[in-house]
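Have a look at the structure below before the remarks.
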Amino acid sequence: MVEQNVAVPEAIRAHFFRQGEACARLGSPFTAAMCRTLAEVLVEGPFARAVADWPGDPAADALALRACGAFHGLARGGHPLLAEIYPPATPTEARFEEVVRTVAAGSADALLPWLASAPQTNEVGRSGIVLGAALLLAAEVGLPMEVLEIGASAGVNLFFDQYGYDLGGGQRWKVGAEVGLSCAWAGSPPPLDGRVDVVARAGSDLAPIDAGDPAARGRMLAYIWPDQAERQARAAGALATVARSGLAVEPASADEWLERALATPQADGRLRFLFHTIMWQYLPGAVAARAEAAILAAGARATGAAPFAYFAMEADETPGAAALTLTVWPGGQRRALGRGDFHGRSAEWQL
């Protein structure tokens, strides 16, 4: 018997509405509409109950985006009703709501697994901001880099040096690369003439995506908003880059992996460069504390011949963009580099 009259708490409904507003600001009216509609129509069935009974912080857990990814995953899999409302379809508002309500109530078995893990867009657009940190390090440190990433998902940002960039104002980097990205740099940006020499790459994720597996690639693409075709295309290109490389992101908790990876002996004449983008918020408190301790321990071991750099692009108390911070050891002074758009569309550098 189908459960009736599920009451989604107002705090969770408010989260869906706020996420919809954020999606609209970030250029996805479709996902904005999906968030608003889900807030209104989740009234029956196991999927609605799972949302209503969410045990954690819905915003920190990106609950609305988990739900949107679930629906997009079904749509990409050919669900006939969702084909009526997903781009390029242009349904009426009434039909949109009807389809979402029907699928939410009737396809719980397919939708529920998507709620179990955080969204993994592995947004390759953020590479335009990671590049800025790497160029600054190239100018200031000038050593070949061992690049490490936690929350690496499929690993596309580990290949930031392989993509071409339009940085706005006539600024370009690596013209003619197979994958082209746009990130409008403003303010006082890093110099573009530094030589970024990546000699090793490695990453971890609690649930990594295998770029060589079509099903896994489809899961990642389901988290990219369906009315943003350019994001879909560049993600597909970046996934192909990772697949050709043979790199495998290691399945591991960030803290456990950092303790092992950062304790690995570092050759003199190399810079070890660790970064993460929009993932720290998903770490449980104990995991974050242990990961931070591993980072600080690596900093304490760094030498002038074998330095260590740590770059973070993460949300903070200032809404609308992510804080960009860089710490380099020896020394260990944390520097604020500016702010970046969550999807990597722009960066305001303050160097």
Side-chain angles (χ1 to χ4, degrees), residues 18-32 62 65 119-139 149 151 153 156-194 196 223-238 241 273 275-281 311-326 334-351:
R18 285 194 298 271
Q19 183 62 66
E21 292 168 357
C23 292
R25 289 194 300 271
L26 289 167
S28 180
F30 178 90
T31 311
L65 294 182
Q120 290 181 287
T121 59
N122 199 200
E123 177 53 62
V124 68
R126 295 174 190 148
S127 285
I129 295 175
V130 177
L131 172 70
L135 283 168
L136 183 62
L137 291 169
E149 182 185 11
S153 192
V156 297
N157 287 317
L158 280 165
F159 290 82
F160 65 89
D161 60 314
Q162 300 296 301
Y163 311 135
Y165 298 88
D166 179 349
L167 301 171
Q171 302 176 99
R172 294 183 178 276
W173 196 81
K174 214 175 190 66
V175 175
E178 180 178 340
V179 177
L181 307 175
S182 296
C183 181
W185 283 9
S188 51
L192 293 178
D193 55 357
V196 177
Y223 287 119
I224 298 176
W225 299 337
D227 52 349
Q228 296 188 334
E230 183 179 348
R231 282 183 73 203
Q232 293 272 340
R234 72 192 185 202
T241 297
F273 174 33
F275 72 90
H276 55 79
T277 66
I278 318 299
M279 60 76 66
W280 198 264
Q281 70 189 64
F311 175 67
M313 173 187 174
E314 295 292 343
D316 61 5
E317 66 279 359
T318 302
L324 312 179
T325 58
L326 177 67
R334 184 174 182 266
R335 300 160 60 184
L337 302 187
R339 303 195 67 80
D341 173 76
F342 290 120
H343 289 170
R345 298 176 301 178
S346 62
E348 179 72 30
W349 298 99
Q350 300 168 359
L351 305 185

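Predicted model, so just to flag it, every value in this text is computed and none were measured.
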Worksheet item: Do the non-hydrogen side-chain atoms of Pro189 and Leu351 ever get within less than 4.5 Å of each other?
Response: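 A side-chain contact is absent here, since even the closest heavy-atom pair is not under 4.5 Å.
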Worksheet item: Does some side-chain heavy atom of Val130 sit less than 4.5 Å from a side-chain heavy atom of Met313?
Response: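 With C-beta onward as the side chain, the pair stays apart.
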Donor-acceptor under 3.5 Å ([X] side chain, [Y] main chain):
{"X": "Glu314", "Y": "Met279", "result": "yes"}
{"X": "Asn157", "Y": "Glu123", "result": "yes"}
{"X": "Gln228", "Y": "Leu26", "result": "yes"}
{"X": "Asp227", "Y": "Phe30", "result": "yes"}
{"X": "Ser28", "Y": "Cys23", "result": "no"}

For the [atom1] atom of [X] and the [atom2] atom of [Y], what is their distance to the nearest 0.5 Å?
{"X": "Gln162", "Y": "Thr241", "atom1": "CD", "atom2": "OG1", "value": "7.5 Å"}
{"X": "Phe160", "Y": "Lys174", "atom1": "CZ", "atom2": "NZ", "value": "10.5 Å"}
{"X": "Leu131", "Y": "Leu192", "atom1": "CG", "atom2": "CG", "value": "7.5 Å"}

Worksheet item: Is there a side chain to side chain contact (heavy atoms under 4.5 Å, CB included) between Trp173 and Leu181 once you walk through the steps?
Response: CA-CA 10 Å; Trp173 196 81; Leu181 307 175; over 6 Å; no
Looking only at non-hydrogen atoms, find the nearest pair between [X] and [Y] and report the distance.
{"X": "Pro191", "Y": "Ala139", "value": "CG-CB, 3.7 Å"}
{"X": "Tyr163", "Y": "Ser127", "value": "CE1-OG, 3.7 Å"}
{"X": "Gly340", "Y": "Ile129", "value": "CA-CD1, 3.7 Å"}
{"X": "Ala315", "Y": "Gln281", "value": "CB-OE1, 4.3 Å"}
{"X": "Ile224", "Y": "Gln232", "value": "O-NE2, 2.9 Å"}
{"X": "Leu135", "Y": "Trp185", "value": "CD1-CH2, 3.8 Å"}

Discussion item. Tell me which pairs pass side-chain hydrogen bond (donor to acceptor under 3.5 Å, both in side chains) where either residue lies in residues 339-351, with sequence neighbours left out.
Written reply: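 Listed by first then second residue: Asp316-Arg339, Asp341-Arg345.
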Item to complete: Give me the ring orientation class for Phe275 and Phe273: parallel if the planes are under 30° apart, tilted from 30 to 60°, perpendicular past 60°.
Response: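 Rings of Phe275 and Phe273: tilted, 30 to 60°.
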